[in-house]
Student: 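Right, I'll just put the structure down here and ask away after.
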Amino acid sequence: MSLSEADTRTRLIDRSLAASGWSVQDRAASDLTAGRGVAIREFPLTTGFADYLLFVDRKALGAVEAKAMGTPLSGIESQSARYGAGLPAPFKPWHNPLPFLYESSGVETFFTNCLDPQPRSRRVFAFHRPETLAEWLGAGRPGVLAPPATLRAGLRDMPPLITTGLWGAQIEAIRNLEASLAGDRPRSLVQMATGSGKTYTAVSSIYRLIKHAGARRVLFLVDRSNLGRQTLMEFQQYVTPDDGRKFTELYNVQRLTSNALDPVSRVCITTIQRLYSMLAGEEDLDPLAEERSWFDLEAALNGPPVTVSYNPRVPVETFDIIFTDECHRSIYNLWRQVLEYFDAHLVGLTATPSKQTLGFFNGNLVMEYPRTRAVADGVNVDGEVYRIRTQITEAGSTVDAGYFVDKRDRLTRA
């Protein structure tokens, strides 16, 4: 089914804005006091009509360009950019030109933050909440006269890495990852051999991302619950190189044992299955569901990817950066939409990347530290190699039917 632009607005975009906390109104009956965030349809500007003009605390800060279902949105941000100026009196903007621009067909939504050093559109699962946009502008902060630096600006202005206590490979991995994030690469993959300190590398990087880049909250995904406990211990034992205190003395770290996210946590550790349970609106998850690795459960994973709907209790901006640690390749097939739900940079950590993993991270392998190099560096010990003959290695095999490959419908963009 394909919808016109008018039907797309009524059936899809209005509903999506309302779910994200916006009060959607007609221009003739608008009331900027109806809620903190108000979206007014067909708002007249000196540069044309904005399909939706977004107000927070009665001041304009963004616009939405609506398109008919099936219209490709990449590359059309210039059309919504004309709404960034031209606000008529007596309306006042938070920032001139308007900083937050969206393009949406109801099926796809793209977002541009014009406060970034090099603004460019990116796909988002849903609209951001009004209070989030206000926070990004520094609204309500005493003495804030101009918008604070964005996360992407902070990623470009990191101080030099303090290398005390780090292996050479860990130094290389952190620097390469930060270069990728500074270049606004949405997905980065770090490959480091087992035993070479991937988790310690990640904790060192997360500390810098929170302290120096301004990351509000980082998600750390693990394969199963016992790895979550080990990861929490890494954060608890990590001594910050510049401050001398433990990580958890400076920032709250939460390992989820229920479906309740602590609003003051700066790092959240959980499994993908609990994260999906939260997005699905479940009150809790059976702890036994987190005890087995997805590697052990691969036979049960031959099915279509899980689907996710917007959950206002866990908005898309909940996390700024997501680390996935040693998650089996099924996470990038079966659980793909759970990861893509969030408007966040994705960082993968693995010892043995598969083709599916490399494909999910757009081939952006920022660090490659195989076992042979770890042995040569004295980080790992060498071992004996035994050749084992099996039916598959001798005669080959086939790919079973039923493995799902994501595709986007060219007509509807679904």
Side-chain angles (χ1 to χ4, degrees), residues 3-116 119-137 139 147 150 316-317 343 413:
L3 298 177
S4 67
E5 181 179 320
D7 287 338
T8 294
R9 292 188 214 174
T10 305
R11 298 190 191 181
L12 301 177
I13 299 179
D14 282 10
R15 185 168 55 195
S16 181
L17 282 165
S20 300
W22 296 89
S23 174
V24 183
Q25 304 174 2
D26 289 324
R27 175 71 177 90
S30 60
D31 178 10
L32 295 181
T33 65
R36 187 169 190 193
V38 175
I40 300 180
R41 307 182 190 92
E42 289 291 330
F43 195 95
L45 302 171
T46 60
T47 53
F49 279 83
D51 292 323
Y52 298 83
L53 198 66
L54 304 179
F55 291 82
V56 170
D57 298 335
R58 301 180 298 281
K59 295 168 68 176
L61 51 54
V64 180
E65 168 81 4
K67 290 294 183 182
M69 179 189 288
T71 304
L73 298 179
S74 56
I76 70 166
E77 61 267 25
S78 58
Q79 296 182 30
S80 55
R82 71 178 186 271
Y83 301 146
L87 189 68
F91 297 98
K92 296 181 179 180
W94 275 104
H95 185 268
N96 197 10
L98 300 180
F100 305 124
L101 305 176
Y102 295 89
E103 302 87 36
S104 181
S105 66
V107 175
E108 287 184 293
T109 300
F110 278 65
F111 168 68
T112 304
N113 185 345
C114 297
L115 302 177
D116 286 335
R120 65 186 185 189
S121 66
R122 62 182 185 264
R123 182 181 284 110
V124 291
F125 189 89
F127 295 99
H128 303 95
R129 296 186 64 80
E131 56 268 27
T132 300
L133 299 185
E135 180 183 347
W136 287 350
L137 282 171
T150 67
V316 297
E317 62 268 29
D343 180 24
R413 303 297 297 167

Student: Rounded to the nearest 0.5 Å, how far does CH2 of Trp22 lie from CZ of Arg36?
Tutor: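 Arg36 CZ to Trp22 CH2: 9.5 Å, rounded to 0.5 Å.
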Student: Does some side-chain heavy atom of Leu98 sit less than 4.5 Å from a side-chain heavy atom of Leu53?
Tutor: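 Yes, at least one pair of side-chain atoms sits under 4.5 Å.
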Student: Which residues pass the salt bridge (charged side-chain N to carboxylate O under 4.0 Å, His left out) test with Glu131, sequence neighbours left out?
Tutor: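 Applying salt bridge (charged side-chain N to carboxylate O under 4.0 Å, His left out) to Glu131 gives Arg129.
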Student: Just wondering, do Leu137 and Lys59 contact through their side chains at under 4.5 Å, heavy atoms?
Tutor: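 A side-chain contact is absent here, since even the closest heavy-atom pair is not under 4.5 Å.
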Student: Measuring only between side-chain heavy atoms, which start at C-beta, is Val38 closer than 4.5 Å to Ser30?
Tutor: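 They are not in contact (no side-chain heavy atoms under 4.5 Å apart), so the answer is no.
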Student: For the atom pair CZ (Phe110) and OG (Ser105), what is the distance rounded to the nearest 0.5 Å?
Tutor: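 These two atoms lie 9.0 Å from each other.
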Student: Can you tell me how far OG1 of Thr109 sits from CG of Leu12, rounded to the nearest 0.5 angstrom?
Tutor: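 Leu12 atom CG to Thr109 atom OG1 measures 9.5 Å (nearest 0.5 Å).
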Student: Among Thr132, Leu54, Leu115, Thr112, which residue satisfies the side chain to side chain contact (heavy atoms under 4.5 Å, CB included) criterion with Phe100?
Tutor: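 The side chain to side chain contact (heavy atoms under 4.5 Å, CB included) with Phe100 is passed solely by Leu115 among Thr132, Leu54, Leu115, Thr112.
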Student: Measure centre to centre between the rings of Phe55 and Phe43, then say whether the value is under 6.0 Å.
Tutor: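 They qualify: ring centres under 6.0 Å apart.
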Student: Whether Glu103 and Lys67 form a salt bridge (side-chain N of Lys/Arg under 4.0 Å from carboxylate O of Asp/Glu) is what I want to check.
Tutor: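 Not counted as a salt bridge, because no side-chain N and carboxylate O are separated by less than 4.0 Å.
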Student: Evaluate the side-chain proximity of His128 to Glu317: yes if any heavy-atom separation is below 4.5 Å, no if none is.
Tutor: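 Result yes, sub-4.5 Å side-chain heavy-atom pair found.
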Student: Answer whether the closest heavy-atom distance between the side chains of Phe127 and Val64 falls below 4.5 Å.
Tutor: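 With C-beta onward as the side chain, the pair touches.
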Student: Would you call Asp51 and Arg41 a salt bridge, using N to O less than 4.0 angstrom?
Tutor: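 Salt bridge: no.
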Student: Counting only heavy atoms not in Arg58 (residues, nucleotides, ligands), do more than 12 fall under 6.0 Å from its CZ?
Tutor: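 At most 12 heavy atoms, drawn from other residues, nucleotides or ligands, come within 6.0 Å of this atom.
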